[in-house]
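Following: one structure in structure tokens, then a few remarks.
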Amino acid sequence: MDRNSLIGLVLIGGILIGWLLLNGPSSEELKKQKQKRDSLAQVDMMERAKAEAQSTAAAVVAVDTAEAHINKDSIADANLKSTYKDFVVAVKGENKQIVLENSKIKVVLQSKGGNVASVELKEYTRPDKKTKVELFTADSSSQSLIFLAYNNTLQVHTDSLYFIPSDVKKTADEQIISLRLPTANPKSYIEYIYTLKNDGYMLNYQVKMVEMQNIISQNTDQLTFNWNVLTPSQEEHIEKEKQNSTVYWKLAGEDADYINPGKDEEKSISEASVNWVAFKQQFFTTAVICDKGFMKDGSMVKTASDKYSLSYVKRMKTELGVPYNHGANETFEMRYFFGPNNYNVLSSYDLGLEKMISIGWPVFNLINRLLVIPVFNAFSNTTVNYGIIILMLTIILKTLLFPIAYKTYISSTKMRLLKPEMDAINKKYSDPADAMKKNTENMALYRRAGASPFSGCIPALIQFPILIALLNFFPASIELRQKAFLWAADLSTYDSIWTFGNIPIINSIYGDHVSLFALLMFASTIAYTWMNAKYLTPASQQQMPGMQVMMYLMPLIFLSFMNSYSSGLSWYYFLANVITFAQTMVMRKVIDDGKLRAQIDAHMKKPVKKSGFSQRLEEMTKQRQIQQKIKK
């Protein structure tokens with residue numbers, strides 16, 4: 001580096017130093033900058049301290065909250081233990097479901113309550129023909145044992161406690177499962193044991209009380225079995241279900257009894273021990289049975305319905321006494337029936353369950369028991385349509401009644417052939433004051449000729465007991481349920497070719513639809529009535545002036561009733577009228593009026609012994625004539 005370059009560098013450095021000295025901060029400014037740096041450092045330190053304090057506080061709160069939860073849970077557990085005592089171990093749990101099923105029913109049990117949650121009948125479907133009939137579900141039913149424990153300080157309801165289920169044990173003939181209600185003492189428990197046979201509608205049910213004598217109150221001699229079911233609708237027309245659903249029961253040594261289906265009622269059944277209680281629907285029944293009998297004290301049944309509900313038919317409830325003797329190991333046995341209202345099925349158990357099926361009063365039910373049911377049974381396992389079976393049943397009935405129909409026709413024909421004699425009597429006693437004497441003469445004429453003015457009524461009177469018997473049985477016959485015939489989809493209920501809806505007054509008298517089978521029944525009855533009236537002589541009509549009106553009024557009344565009744569019954573009545581009409585026409589062709597007139601003449605020549613009724617009628621006539629003479 002030369003001298004000039006060195007001098008240049010020195011001059012540049014001096015200029016820089018001078019510029020720095022002239023523009024640098026004064027001592028006051030340096031002091032202010034130092035104070036500012038110190039303030040910023042202090043603020044930073046305070047923020048760090050605050051954050052650390054918040055972090056510490058949060059940690060403290062978390063610890064306190066955890067401790068609070070622990071204390072709260074401890075208090076809740078202490079309260080549960082104080083409330084439920086030994087049953088506290090069963091207060092919480094998982095509601096498991098266990099299935100038992102055979103060829104006829106599927107039973108679902110649940111661990112909560114250890115009871116039957118639902119029952120499905122495998123052989124029957126709802127109106128859609130796809131969905132299986134379910135008698136009840138877990139949401140619509142409850143079963144529970146209720147008892148007092150710990151010197152009456154706790155009322156235990158087992159349906160709120162959790163049972164421990166065992167594995168299902170299967171044998172060649174049955175399936176068995178137990179559900180145990182534990183207590184804090186492993187030696188004390190309640191156990192339910194369910195047994196389902198491989199075929200049938202019965203579910204056996206055992207209640208075992210093991211070492212419960214120190215838990216159940218000492219003054220308790222019975223437990224209460226509480227059963228509550230809200231029965232779902234199973235059919236097309238819920239109103240028909242409501243009319244045929246109610247609670248039945250049977251007391252020891254007595255016939256089955258029931259609550260009127262048209263009433264909501266609570267009834268005590270404590271007169272004697274109870275053999276069974278059944279919740280009967282139109283075609284299906286759920287029943288609890290005890291062969292040794294439930295205790296009578298406190299037993300009751302109850303029904304309640306919601307007339308506006310379209311999903312549920314009726315709520316049914318029962319409370320039954322279960323004996324308890326404070327033994328170390330006690331067992332109480334009962335059974336459930338879940339099945340159809342089939343007469344043969346119910347009667348096979350020999351428990352009186354078949355009394356729930358309405359087959360008519362004692363006199364009328366003979367027709368159903370001795371004829372109708374056997375005919376149905378004979379074809380139950382065949383492919384023959386039930387409309388054809390009803391036709392065969394009608395033919396059998398009309399064949400058995402033909403001798404009576406024949407005699408009735410002969411008597412009616414005699415009445416027609418006696419017209420000249422009756423006209424003479426009417427002319428002889430045309431004075432209204434001689435009405436009694438005219439009647440006496442006419443009755444004498446009928447007696448001598450072997451005729452009866454009431455012959456035209458006899459067929460209807462003969463059919464009446466049969467009609468009453470079938471009137472009870474057909475709507476309750478599960479054999480007809482969902483059996484289609486011609487245009488009718490279900491012979492157990494009415495058919496409808498036109499549903500016209502709600503029309504005031506008409507709906508209450510006739511219904512909201514038109515049943516073609518009921519119309520056919522009505523038309524055939526009118527035709528048969530006209531045929532009968534055609535052969536009644538004017539004289540006989542004078543003897544029964546109101547009979548003509550009544551004979552035409554009855555079919556009209558029947559139409560308003562049968563329009564909403566079983567189409568199977570209307571079909572039967574139509575067939576009965578047609579067969580009767582045909583029999584009458586054949587007899588008219590076969591029976592010779594001339595020969596019958598000759599028989600009448602021969603019969604009238606024979607001496608006739610007066611009956612007691614005739615003698616009394618003549619005596620009444622004489623007394624009336626004497627009274628009339630006295631008045632004159």
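Numbers for residues simply follow the sequence, beginning at 1.
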Passes side chain to side chain contact (heavy atoms under 4.5 Å, CB included), F279 versus T285? Steps please.
-> CA-CA 6 Å; F279 298 156; T285 289; over 6 Å; no
Decide side chain to side chain contact (heavy atoms under 4.5 Å, CB included) for V133 and T125; before the verdict, give the C-alpha distance in whole Å, the side-chain angles of both, and the deciding distance to 0.1 Å.
-> CA-CA 5 Å; V133 166; T125 60; 5.6 Å; no
Stepwise, does the side chain to side chain contact (heavy atoms under 4.5 Å, CB included) test hold for Y312 with D306?
-> CA-CA 8 Å; Y312 293 97; D306 181 358; over 6 Å; no
Criterion ring-ring contact (aromatic ring centres under 6.0 Å, His included) on F337 and Y349, from CA distance to verdict | CA-CA 10 Å; F337 171 81; Y349 296 109; 5.7 Å; yes
Would you please test I98 and Y194 for side chain to side chain contact (heavy atoms under 4.5 Å, CB included) and show each step?
-> CA-CA 11 Å; I98 309 97; Y194 295 95; over 6 Å; no
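When K242, M316, K280 are each tested for a side-chain contact (heavy atoms from CB on, under 4.5 Å) with T231, only one passes: M316. In summary, of the residues considered (Q281, R126, E241, Q282), a side chain to side chain donor-acceptor pair (under 3.5 Å) with S233 occurs for E241 alone. Each of Q175, K122, K106 was scored for a side chain to side chain donor-acceptor pair (under 3.5 Å) with E101, with one residue passing: K122.
For the pair F87 and P182, the tightest heavy-atom approach, listed with the atom from each and the gap, is CD2-O, 4.2 Å. Nearest heavy-atom pair across L391 and W571 is N-NE1, 4.3 Å. Counting all heavy atoms, side chain and backbone alike, Y510 lies closest to S515 at OH-N, 4.3 Å. Annotation for L371 and L393: closest pair CG-CD1, 4.0 Å, computed over non-hydrogen atoms. Heavy-atom minimum distance, I289 versus L353: CD1-CD1, 4.3 Å. Shortest non-hydrogen contact noted between N275 and D291 is ND2-O, 4.3 Å.
Side-chain atoms of T303 and T246 form no donor-acceptor pair, as typed in the model, at a separation below 3.5 Å. Using modelled atom types, one finds no donor on one side chain facing an acceptor on the other under 3.5 Å when comparing T171 with D173. Looking at S144 and N226, their side chains never bring a donor and an acceptor atom within 3.5 Å of each other. T131 and D128 are linked by a side-chain donor-acceptor pair at a separation below 3.5 angstrom, with hydrogens and angles left out of the test. Between the side chains of Q110 and N115, at least one donor N or O lies within less than 3.5 Å of an accepting N or O. Between K398 and T580, the side chains place a donor N or O and an acceptor N or O closer than 3.5 Å (distance only, hydrogens not considered). Under the 3.5 Å distance criterion, with hydrogens and angles disregarded, no donor-acceptor pair is assigned to the side chains of S567 and D495. Side-chain contact annotation: N228 with S142, donor-acceptor N/O pair under 3.5 Å absent.
Between E134 and K132 there is no salt bridge, since no side-chain nitrogen of the basic residue lies less than 4.0 Å from a carboxylate oxygen of the acidic one. Comment: R481 engages E235 in a salt bridge, judged by a side-chain N to carboxylate O separation of less than 4.0 angstrom.
In this structure, Y336 and Y205 have parallel ring planes: the angle between them is below the 30° cut-off, well short of the 60° mark. In this structure, F225 and F294 have parallel ring planes: the angle between them is below the 30° cut-off, well short of the 60° mark. Between Y386 and F376, the angle of the ring planes goes over 60°, which puts this pair in the perpendicular group of the 30/60° scheme.
Between F147 and Y324, the ring centre distance reaches or exceeds 6.0 Å. Residues W276 and Y248 keep their aromatic ring centres 6.0 Å or farther apart.
At least one donor-acceptor pair under 3.5 Å links the side chain of N102 to the backbone N or O of K197. Side-chain atoms of S299 come within 3.5 Å of backbone N or O of M295 as a donor-acceptor pair.
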